[in-house]
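Below is one structure, written out as structure tokens; comments come after it.
Chain letters run A, B, ... following the sequence lines, proteins first, then strands; residues in each count from 1. All values below come from the heavy atoms of this structure, side chains included, with hydrogens, waters and symmetry mates left out.
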Number of protein chains: 2
Amino acid sequence: MNTGIEAPRRTRIQQEKRELILEAALEVFSTHGFRGSTIDQIAEAAGMSKPNLLYYFRRKEDIHETLMHRLLDTWLAPLRELDDIGDPMTELRSYIRRKLEMARDFPRESRLFANEILQGAPRIMPLLAGELKTLVDEKAAIIKGWMRAGKIAKTDPWHLIFSIWATTQHYADFDVQVRAVLGPNRGGDGRFEDAARFLEQLFLDGLKPKG
Amino acid sequence: MNTGIEAPRRTRIQQEKRELILEAALEVFSTHGFRGSTIDQIAEAAGMSKPNLLYYFRRKEDIHETLMHRLLDTWLAPLRELDDIGDPMTELRSYIRRKLEMARDFPRESRLFANEILQGAPRIMPLLAGELKTLVDEKAAIIKGWMRAGKIAKTDPWHLIFSIWATTQHYADFDVQVRAVLGPNRGGDGRFEDAARFLEQLFLDGLKPKG
DNA sequence: CAATTTTTTGACCGATTGGACAAACGTTAG
DNA sequence: CTAACGTTTGTCCAATCGGTCAAAAAATTG
């Protein structure tokens, strides 16, 4: 997909500094949101002055936009990998696992995305209704095929995808709450393995007691 | 629980105007976050001047604090209702239904809460580790009892509660995304009934095809 | 070296922010 | 009526915001 944005040629130093800024901006934006973050905060986190930062990104929004476009690519990678080859139940299980791993390894990206959606997705609405919808529709069709073939239970594929997104991203977006509720004992590093075990069972068998 | 905050006596007009402000602030805070919202925005939404608003709430934070405390009470009501009387599977099913109804009927409250948690819960952290944890632990114990009695499948009660929160609140917090992906046809008012049907099946039977 | 280009910074600007304050307004009680 | 009290607003302020600009500093080139 051509976004119409031409990437100008850049020196090696420019590339590195831009990466430094994006890394700092990810940290700041993901915890304070777009409007809650200041250029000064990002500049300080990147170890440079505000005018210097503005030399690499002319506007605050440019940083955010670059971050969002880059994010969406990696963020949807697990769903893109979901395909018709292999056992359906295994395919879904590994999709859930991959999504949970992303929540564990890239919580800032998850929160950045959540912040944007929460506030009405003013900056990426076209992407949601376009690229994202197309991708989800495509994968929903695959899942529907599995259902018709009797490989998995018949249900709504779109809401199934929503539920996978919701349950996995919850461990990144609501991390403070999860850790607060689990307490110091169970809220440690093991919480992701516990979550993985639980989700596997939920999506496989549900809660009905085994006959 | 005594918060230590004394509620001063207020005239009838003060009560009404304060309600008006809180209603407006809920609208603004829930879509822009705390730092992204301005007193002017809230004042305009409430149909009064900024100094007039500051006559009823001395500081911007006072409005947010009042909103958050009030919110937590109503927000946790469904979980409080979960008790040992009645059939476990029915209890859980109606908890899920009630939570989904709250996401449908009070999306602004859900988003206000999500905004706060996303940003590290700086203003309600003690409540999470205190009141909330106590309540969840208590209900987790009840659920554990059901598991021991063989009434529902054995799994992690805490993560079960997380998954119910995540899947239901998703329809409030990520509403724009849900509607964008479902498209104009399926993204209409019926989406909550579709979600209810799906979630019921997921939590009951999971995805494994019926033998 | 000198000339040129790229990078960095201090100083500054207009706009917006949360909030203060006194004066004006409205209402009610005597 | 008038005095007292509760309510509303216009004006103002210091702090912070995103962003500009010229000039200094550093790096690159010849």
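At the phosphate of C:dT6, neither OP1 nor OP2 sits under 4.0 Å from any side-chain N or O atom of A:Gln14. The side chain of B:Asn52 places an N or O atom within less than 4.0 Å of a non-bridging phosphate oxygen (OP1 or OP2) of D:dT9.
Each of A:Ser49 and A:Arg35 was assigned the nucleotide of DNA chain C with the nearest heavy atom; the assignment lying further toward the 5' end belongs to A:Ser49.
Distances from the side chain of A:Asp40 to the nucleotides D:dT8, C:dT17, D:dC17 place D:dC17 closest. Considering only the side chain of A:Tyr55, C:dT6 comes nearest among C:dT6, C:dT17, D:dC17.
Put simply, CZ on B:Phe34 is 8 Å from P on C:dG18, counting in whole angstrom units. Rounding to whole angstrom units, CD of residue A:Gln15 and P of C:dT7 are separated by 11 Å. If you take CG of A:Asp62 and P of D:dG18, they are 14 Å apart, rounded to a whole angstrom. With rounding to whole Å, B:Glu44 atom CD is found 13 Å from D:dT9 atom P. The nearest whole Å value for the distance from the CD atom in A:Glu16 to the C1' atom in D:dA27 is 14 Å. What separates CD of B:Gln41 from P of C:dT17 is a distance of 7 Å, to the nearest Å. What separates CE of A:Met48 from P of C:dG10 is a distance of 14 Å, to the nearest Å. Regarding B:Arg18, its CZ atom lies at a distance of 15 Å from the C1' atom of D:dT7, rounded to whole Å.
In this structure the side chain of B:Lys133 never reaches within 4.5 angstrom of the side chain of B:Leu128, judged on heavy atoms.
Note on ring orientation: taking the six-membered ring where Trp is involved, the planes of B:Phe162 and B:His159 are perpendicular (angle over 60°, cut-offs 30° and 60°). Aromatic ring orientation, B:His64 versus B:Phe34: perpendicular (interplanar angle above 60°, classes split at 30° and 60°).
Side-chain contact check for A:Trp158 and A:Asp137: at least one donor-acceptor pair (N or O, by modelled atom type) lies under 3.5 Å.
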Can you check nucleotides 19-24 of chain D for protein contacts, nitrogen or oxygen pairs under 3.5 Å, and list what you find?
residue	atom	partner	partner atom	Å
D:dG19	OP2	A:Lys60	N	2.8
D:dG19	O6	A:Lys50	NZ	3.2

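In summary, A:Asp173 and A:Arg111 do not engage in a salt bridge, as defined by a charged side-chain N under 4.0 Å from a carboxylate O. By the 4.0 Å N-to-carboxylate-O rule, B:Glu65 lies too far from B:Arg123 to be salt-bridged with it.
For the ring-ring contact (aromatic ring centres under 6.0 Å, His included) test, no residue two or more places apart in sequence or in another chain qualifies with A:Trp146.
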